[in-house]
Amino acid sequence: MRLVICDTVDYVAEWSAKYVMKRIKDFEPNKDKYFVIGLPTGGTPLGMYKKLIEFYQAGKISFKYVKTFNMDEYVDLSRDHHESYHYYMYNNFFKYIDIDPQNVHILDGNAKDLTKECENFERKIEEAGGIELFIGGIGPDGHIAFNEPGSSLASRTRVKTLAQDTLEANARFFGNDINKVPKQALTVGVGTVMDANEVMILITGSHKAFALYKAIEEGVNHMWTVSAFQQHPRTIIICDEDATLELRVKTVKYFKSLWDIHCKLIEDISQLKI
Ligand code: F6R
């Protein structure tokens with residue numbers, strides 16, 4: 001596992017966007033070979049999306065031969081609702097880049113048969129040749145996508161009923177009215193993300209420091225679903241200083257000592273503020 005510790009949240013955005021850009025460029029996608037990427041929503045990746053848009057507008061990258069699969073979506077929330085993940089992805093990323101809408105895949109939480117929708121999603125990932133790079137974010141309880149504590153680490157895309165804690169935490173996005181918060185969501189499973197060739201997880205803020213500690217310094221445990229990625233051969237976690245507050249000093253020192261090696265993973269390091 002790699003842990004890239006950046007000084008600030010802004011730098012996490014810049015570093016991760018550069019990494020994504022480099023991965024896509026090195027892959028040399030074309031009409032017969034698409035780069036398939038898994039994407040998260042939430043506050044954490046917003047800066048990365050902004051940077052990727054900047055790179056696109058500067059002519060540094062194209063998304064013409066990129067296929068995307070989003071991690072999750074609420075059930076029974078219209079696509080144009082400002083809290084739907086369709087709305088989020090379109091308004092924070094897709095409308096600014098050259099991706100073909102046909103290559104965008106977001107679970108349909110309004111599908112008549114939700115189980116079938118989840119099965120189809122897994123099938124579409126398989127038909128696309130699997131996910132090359134799955135990007136994720138985590139909650140303070142270590143959840144990835146809607147795989148809350150106790151979710152099976154072998155889980156696949158499915159319907160999840162949200163825990164009371166999640167409903168309460170999400171009420172702020174729905175006018176502080178818990179009754180307006182969708183009670184269910186469709187989500188990829190931990191196993192779905194594990195199948196990707198590479199997993200990149202963004203973690204920022206002191207409120208996620210304990211989750212980062214559980215993710216990397218303790219054992220694999222379904223109560224901290226993010227810990228599953230210790231067993232993935234290619235996991236890269238990009239975090240800020242605040243997220244490292246619960247780690248041992250020697251862990252932080254070790255990963256910081258690899259900074260120069262990590263920087264070789266991204267293009268054009270001369271432009272970075274190190
Ligand atoms: C995103 C997702 C979640 C979020 C997590 C963190 O599609 O499924 O795992 O990444 O809840 O959210 P933020 O970034 O808002 O703290």
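The first residue of the sequence shown is numbered 1, and numbering continues consecutively from there. Numbering of ligands and ligand atoms starts at 1, following listing order. Atom set for the values below is all heavy atoms of this structure, side chains included, hydrogens, waters and symmetry mates excluded. These figures come from a predicted structure and were not determined experimentally.
Between Phe94 and Ile106, the closest side-chain pair of non-hydrogen atoms falls below 4.5 Å. Proximity of Ile238 to Met200: side-chain heavy atoms (C-beta onward) are separated by under 4.5 Å at one or more points. The shortest side-chain heavy-atom distance between Phe134 and Phe229 does not fall under the 4.5 Å cut-off.
Within the cation-pi definition used here (under 6.0 Å to the ring centroid, within 45° of the axis), Lys124 does not qualify as a partner of Phe69. Under the 6.0 Å distance and 45° angle rule, Lys160 does not count as a cation-pi partner of Phe146.
At a 3.5 angstrom cut-off on N or O pairs, Gly43 counts as close to ligand 1. Below 3.5 Å of separation, one finds no N or O of Gly139 facing any N or O of ligand 1. The distance criterion of under 3.5 Å between nitrogen or oxygen atoms is not met by Leu39 with respect to ligand 1.
Nearest protein neighbour of atom 16 (O) of ligand 1, counting heavy atoms only, is Lys208 NZ, 2.6 Å. Given atom 14 (O) of ligand 1, the protein heavy atom at minimum distance is Thr44 OG1, 2.5 Å. Looking only at protein heavy atoms, the nearest one to atom 8 (O) of ligand 1 is Asp72 OD2, 2.4 Å.
At a heavy-atom distance under 4.0 Å, only backbone atoms of Ile138 (N, CA, C or O) approach ligand 1. In Thr41, the parts holding a heavy atom less than 4.0 Å from any atom of ligand 1 are both the side chain and the backbone.
Of all atoms in ligand 1, numbered sequentially from 1 with element shown, those under 4.0 Å from a heavy atom of His143 are 5 (C), 9 (O), 11 (O). Within ligand 1, the atoms closer than 4.0 Å to a non-hydrogen atom of Gly42 are 14 (O), 15 (O), numbered from 1 in the order shown.
One side chain, Asn170 or Tyr74, offers a donor N or O that lies under 3.5 Å from an acceptor on the other.
With sequence neighbours excluded, the residues forming a side-chain contact (heavy atoms from CB on, under 4.5 Å) with Ala111 are Asp108, Leu114, Glu117, listed by chain and number.
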